[in-house]
Amino acid sequence: AQSVTQPDIHITVSEGASLELRCNYSYGATPYLFWYVQSPGQGLQLLLKYFSGDTLVQGIKGFEAEFKRSQSSFNLRKPSVHWSDAAEYFCAVGAGNDMRFGAGTRLTVKP
Amino acid sequence: DVKVTQSSRYLVKRTGEKVFLECVQDMDHENMFWYRQDPGLGLRLIYFSYDVKMKEKGDIPEGYSVSREKKERFSLILESASTNQTSMYLCASSSPGGEKGYTFGSGTRLTVV
């Protein structure tokens, strides 16, 4: 069965520190992979996506993600976190009408 | 700027009321979706539509229905609202393949009292 796991419910990092949010998935075929960000009280905004090609993809707001087929992972990274990055982050996997979302990781940024 | 617009940001309704949540997209997308979002549960799909007048049940359709009379508009209906339907409701749209991801509305926070 298709599933997406974000192992970390909540992560706290200091401003300026690096960030890595984990995402593991189970899917029958090669899916599209996405990361979304949700600010409080808002909808989800697409950060980046991957389907094929270079396994390191760049997104908006300075984020990047790396697809590792052998580990069924698609982890999100940022070299230096800004206070405005505090939000909830969702990994999503699938295609067409069949899109599965992780439960989300809430990011807190310490001054 | 492409958009998915949800008509209400906040709604308070009474138990037993019939509730309509409206969603409009301006991207000519075939697919539209309704999700509910609850803390710790992520996004759960209620219904989706892949064409006008076509709909499919998602993971949690009980207590809900939908209507899609025009391509740009997808309505979620709570036939008789209950307190366990208090939640954040998110509408989204996408192209048929979903390769560009979903575009989400800002959400409607519904409270049923």
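The structure displayed is predicted, hence computed values, not measured ones. Order of the sequence lines sets the chain letters (A, B, ...), proteins ahead of strands, with each chain counted from 1.
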Visitor: Should F63(A) and L44(A) be counted in the same cluster of Ile, Leu, Val, Met, Phe, Trp and Tyr side chains packed under 4.5 Å apart?
Guide: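 Hydrophobic grouping puts F63(A) apart from L44(A).
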Visitor: Return the minimal non-hydrogen interatomic distance between F90(A) and L43(B), and the atom names on each side.
Guide: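 Looking at all heavy atoms of both residues, the shortest contact is CE2-CD1, 3.8 Å.
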Visitor: In terms of hydrophobic clustering (I, L, V, M, F, W, Y; side-chain heavy atoms under 4.5 Å; direct or indirect links), are M32(B) and I77(B) co-clustered?
Guide: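 In one cluster with M32(B): I77(B), no.
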Visitor: Restricting to salt bridge (Lys or Arg N to Asp or Glu O under 4.0 Å), what partner residues turn up for E62(B), sequence neighbours left out?
Guide: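 If we apply the salt bridge (Lys or Arg N to Asp or Glu O under 4.0 Å) test to E62(B), skipping adjacent residues, there are no hits.
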Visitor: Counting heavy-atom pairs under 4.5 Å with chain B, which one of G94(A), P31(A), G41(A) comes out on top?
Guide: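 Winner by heavy-atom pair count: G41(A).
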Visitor: Please list, chain by chain and in numerical order, all residues satisfying salt bridge (Lys or Arg N to Asp or Glu O under 4.0 Å) with K70(B), sequence neighbours excluded.
Guide: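 Residues passing salt bridge (Lys or Arg N to Asp or Glu O under 4.0 Å) with K70(B): none at all.
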Visitor: Inspect the surroundings of CD1 in I60(B) and state if more than 12 heavy atoms from other residues, nucleotides or ligands are less than 6.0 Å away.
Guide: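 Correct, the count exceeds 12.
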Visitor: What closest approach, in Å, do G40(B) and A103(A) show between heavy atoms, and which atom pair accounts for it?
Guide: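 Here G40(B) and A103(A) meet closest at O-CB, 4.2 Å.
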Visitor: Using heavy-atom distances under 4.5 Å, tell me whether F34(A) contacts chain B through its side chain, its backbone, both, or neither.
Guide: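 Only the side chain of F34(A) comes within 4.5 Å of chain B.
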Visitor: Record all donor-acceptor atom pairs with a distance under 3.5 Å between chain B and chain A; write none if the list is empty.
Guide:
unit_1  : atom_1 : unit_2 : atom_2 : d
R9(B)   : NH2    : G41(A) : O      : 2.4
N31(B)  : ND2    : N97(A) : OD1    : 3.0
Q37(B)  : OE1    : Q38(A) : NE2    : 2.9
Q37(B)  : NE2    : Q38(A) : OE1    : 2.8
G97(B)  : O      : G96(A) : N      : 2.8
Y102(B) : N      : Y36(A) : OH     : 2.8
Y102(B) : OH     : G96(A) : O      : 2.7
S106(B) : O      : G43(A) : N      : 3.4

Visitor: Taking M99(A) as the starting point, is it possible to reach M54(B) by hopping between hydrophobic residues whose side chains are less than 4.5 Å apart?
Guide: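 Linked within one cluster.
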Visitor: Which atoms of L46(A) are under 4.5 Å from chain B, going by heavy atoms: the side chain, the backbone, both sets, or neither?
Guide: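 Looking at L46(A), just its side chain touches chain B.
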Visitor: Considering only heavy atoms and a distance below 4.5 Å, find which of P39(B), G42(B), G58(B) pairs most often with chain A.
Guide: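 Most heavy-atom pairs within the cutoff with chain A belong to G42(B).
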Visitor: Could you pull out all residues at least two apart from E17(B) that satisfy salt bridge (Lys or Arg N to Asp or Glu O under 4.0 Å)?
Guide: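 Scan of E17(B) (salt bridge (Lys or Arg N to Asp or Glu O under 4.0 Å), adjacent residues dropped) gives none.
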Visitor: Let me check something: do F74(B) and L45(B) share a hydrophobic cluster, defined by ILVMFWY side-chain heavy atoms less than 4.5 Å apart, either directly or through other members?
Guide: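 Shared cluster, no.
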Visitor: Count I, L, V, M, F, W, Y as connected when their side-chain heavy atoms are under 4.5 Å apart, and connections chain through other members. Are L107(A) and F74(A) then in the same cluster?
Guide: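 Cluster IDs for L107(A) and F74(A) match.
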